[in-house]
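Worksheet: one structure, shown below.
Computation of the quantities below employed the complete heavy-atom set of this structure, encompassing side-chain atoms and omitting hydrogens, waters and symmetry-equivalent molecules.
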Amino acid sequence: MADHTSLPPDLPVPIDDGAAAHLPGRRMPGVTLPTSDGGTVDLGALPAGRTIVYLYPLTGRPDAELPEGWEEIPGARGCTTEACDFRDHHEDLRRAGVSAVFGLSSQNVDYQREVVRRLRLPFSMISDEGFVVAEALGLPTFAAEGHARLYARLTLVVDDGGITHAFYPVFPPNTHAQQVLRWVGENPR
């Protein structure tokens, strides 16, 4: 059984290839996508205020192996630990002025619903199986064994529909929510 709750010590560090440099100042696209809670979200009409949208490749399940070579792909491993860090700091982010937090991946809503339940996440996941957001914003993606395309890990700070900041690359993923919390504290609206 795979352990997705910890990271190996020799995880490769992703490099900043500039693939997210164009994002600050862009508006979120007006696309409606399904969420793990059975609803939908229009990314062009997010709640007023500050929203955090963290994008991730895929969350592993305890009963399934990760794709071949997953740990050798810089930035791939750590989706579960990242989700848990956002879970553990969700209330801190809310107190710091964040209106909403969403995770977004290309996994289907049933897969995401299981992750939300198993990890007890206090926020919804957004499913973008068709990579609509990647196409609209020019987001970085990559391929892995068994997956023709996955989202690269990045986090968007969205203020009233506009992207204020993009965290990319994200490393280490298991403390990323804390990094976002520090940035939010240093950059009030």
For the rings on H176 and F171, is their centre-to-centre separation under 6.0 Å?
no
Would you say [X] and [Y] make side-chain contact, with heavy atoms under 4.5 Å?
| X | Y | value |
| --- | --- | --- |
| S106 | L150 | yes |
| I52 | F86 | yes |
| F131 | T141 | yes |
| Y168 | D17 | yes |
| L139 | L23 | yes |
| T35 | T40 | no |
| M125 | S105 | no |
| L55 | R153 | no |

Any chance you could lay out the ring pair (Phe, Tyr, Trp, His ring centres under 6.0 Å) test for Y151 and Y56, step after step, and finish with the verdict?
CA-CA 6 Å; Y151 273 104; Y56 62 95; 8.8 Å; no
Before giving the answer on ring pair (Phe, Tyr, Trp, His ring centres under 6.0 Å), spell out for H147 and F142 the whole-Å C-alpha distance, their side-chain angles and the decisive distance to 0.1 Å.
CA-CA 9 Å; H147 301 274; F142 68 97; 9.2 Å; no
Spacing of [X] atom [atom1] and [Y] atom [atom2] [to the nearest 0.5 Å]:
| X | Y | atom1 | atom2 | result |
| --- | --- | --- | --- | --- |
| D88 | L181 | CG | CG | 12.0 Å |
| L104 | L33 | CG | CG | 6.5 Å |
| I126 | Q112 | CD1 | CD | 8.5 Å |
| D85 | N174 | CG | CG | 7.0 Å |
| R50 | L93 | CZ | CG | 10.5 Å |

Is [X] linked to [Y] within one hydrophobic cluster, defined over Ile, Leu, Val, Met, Phe, Trp and Tyr using a side-chain heavy-atom separation of less than 4.5 Å?
| X | Y | result |
| --- | --- | --- |
| V180 | F102 | no |
| I163 | L43 | yes |
| V170 | V98 | yes |
| V115 | V41 | no |
| V101 | V109 | no |

Report the C-alpha separation of Y111 and R61 in whole Å, then their side-chain angles, then the decisive distance to 0.1 Å, and conclude whether the side-chain contact (heavy atoms from CB on, under 4.5 Å) test is met.
CA-CA 9 Å; Y111 197 105; R61 288 178 129 148; 3.4 Å; yes
Is R189 salt-bridged to D160, going by a charged N under 4.0 Å from an acidic O?
yes
Does [X] use its side chain to pair, donor to acceptor, with the backbone of [Y] at less than 3.5 Å?
| X | Y | value |
| --- | --- | --- |
| D16 | P169 | no |
| E82 | P173 | no |
| E71 | R77 | no |
| D128 | V133 | yes |
| N187 | W183 | yes |
| R87 | L119 | yes |
| N108 | E129 | no |
| S36 | R113 | no |
| T164 | V158 | no |
| T155 | F167 | no |

For a quick test of reading the model, state the closest non-hydrogen atom pair linking [X] to [Y] and the distance between them.
| X | Y | answer |
| --- | --- | --- |
| L121 | A83 | CD2-O, 3.6 Å |
| C79 | P57 | SG-CD, 3.3 Å |
| I73 | A144 | CD1-CB, 3.9 Å |
| P47 | S99 | CB-CB, 4.4 Å |
| L58 | P67 | CD2-CG, 4.4 Å |

CD/E68: more than 12 non-hydrogen atoms of other groups inside 6.0 Å:
no
Going by atom types only, do S127 and Q107 share a side-chain donor-acceptor pair under 3.5 Å?
no
Please walk me through it: do L137 and M28 pass side-chain contact (heavy atoms from CB on, under 4.5 Å)?
CA-CA 8 Å; L137 291 176; M28 288 297 280; 4.2 Å; yes
